[in-house]
Each structure stands twice: as structure tokens, then as C-alpha cells.
Amino acid sequence: MSLNAKIRAAVNKAFTAVGDLVVTGTLSSRKVSNYDFANRGVVSSVSTSSVEVIIQSTQKPSGDGFTVTALMKFGPDLSVYDTLTVGSDIYNIADYSDDGFLVTAILVKERS
């Protein structure tokens with residue numbers, strides 16, 4: 001077994017071990033393709049992908065929204081997604097890092 005496979009297996013084992021801290025979220029991206037002048041609105045399509053996520057920490061800066069750090073298993077390319085929805089909470093993806101094994105995302109909660 002290669003080192004890469006061992007690390008991926010360890011990440012899977014860690015996600016299993018934390019149990020109910022892992023929640024299912026939905027990554028979404030909206031692609032605007034045109035503007036409909038008759039209806040005065042944009043024509044767009046939304047693509048989604050389901051992902052397991054651990055909400056690691058939440059911070060309230062002096063500004064408006066909450067900043068959240070979230071962990072996801074390897075796999076999703078966050079550069080193509082705009083938002084992450086967990087339950088009824090919608091988060092904008094502000095930044096992320098991907099080391100090939102674990103994705104760490106900085107999220108900003110949308111105002112309700």
C-alpha cells in the first residue's frame with residue numbers, strides 16, 4: 001500500500017471516528033449564461049454536489065457575518081463552487097486549501 005493510500009485511509013478513518021460531528025452538506029455553483037430582457041432577470045443554471053463536512057470552528061468578527069472553518073475529505077474542487085449549504089445555513093466559500101487529502105475551507109455565513 002502506497003503512502004498516499006495510507007493517508008487517504010487514515011482520513012476516512014478519522015471522519016468515521018468523529019461520528020455525528022460529520023454532517024452532509026451541498027456544494028453549489030451558479031453559472032449565469034444570459035440575460036432575459038423580457039423578464040428582466042438572468043438566465044442561469046445551478047450544479048450541486050453532496051459532501052461530508054466537519055464544521056470545525058465559528059468566529060464572529062466585528063463586521064456582519066460569521067466566519068466558519070470547515071473540513072472536507074479529499075475530492076471536491078472548491079474552485080468551481082460558490083456556496084456550501086448545511087441544513088438551513090448557507091455559507092459563501094471565501095477561501096480554501098487542499099493538500100490532496102483534506103480540504104480546509106473558510107466560509108462566511110449568509111445573512112438570514
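Note that the structure is a prediction, hence the values are computed from the model and not measured.
For the pair Tyr81 and Ile93, the minimum side-chain heavy-atom distance is below 4.5 Å. With contacts defined as side-chain heavy-atom distances shorter than 4.5 Å, the pair Ile106/Thr67 qualifies. Inter-residue side-chain proximity for Thr24 and Val51 is flagged as unmet; no heavy-atom pair is nearer than 4.5 Å. Taking 4.5 Å as the limit, some side-chain heavy atom of Leu27 sits within range of a side-chain heavy atom of Pro76. Side-chain contact between Asp82 and Tyr91: absent, with no pair of heavy atoms (C-beta onward) separated by less than 4.5 Å. Residues Val53 and Val86 form a side-chain contact, since some pair of their non-hydrogen atoms from C-beta on lies under 4.5 Å apart. Side-chain contact between Lys109 and Asp89 is present, with at least one heavy-atom pair separated by less than 4.5 Å. Side chains of Met72 and Glu52 form no contact here, defined as non-hydrogen atoms less than 4.5 Å apart.
The two residues Val22 and Phe15 come nearest to each other via the heavy atoms CG2-O, 3.3 Å. In plain terms, the two heavy atoms of Ser28 and Thr48 that are nearest each other are OG-CG2, 3.6 Å. Residues Val103 and Lys73 share a closest heavy-atom pair of CG2-O, 4.0 Å.
Using a distance-only test at 3.5 Å, with no hydrogens or angles considered, a donor-acceptor pair links the side chain of Arg8 to the main chain of Gly100.
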Would Asn4 and Phe101 count as a side-chain contact (heavy atoms from CB on, under 4.5 Å) here? Give the steps.
CA-CA 8 Å; Asn4 187 13; Phe101 306 108; 2.8 Å; yes
Please test Ser29 against Val80 for side-chain contact (heavy atoms from CB on, under 4.5 Å), starting from the C-alpha separation and ending with a verdict.
CA-CA 7 Å; Ser29 67; Val80 298; 5.6 Å; no
I'd like to know whether Ile55 forms a side-chain contact (heavy atoms from CB on, under 4.5 Å) with Val68, so could you lay out the CA-CA distance, the side-chain angles of the two residues, the decisive distance to 0.1 Å, and finally the verdict.
CA-CA 7 Å; Ile55 303 297; Val68 176; 3.5 Å; yes
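The one candidate from Leu107, Leu78, Thr104 that meets the side chain to side chain contact (heavy atoms under 4.5 Å, CB included) condition with Tyr96 is Leu78.
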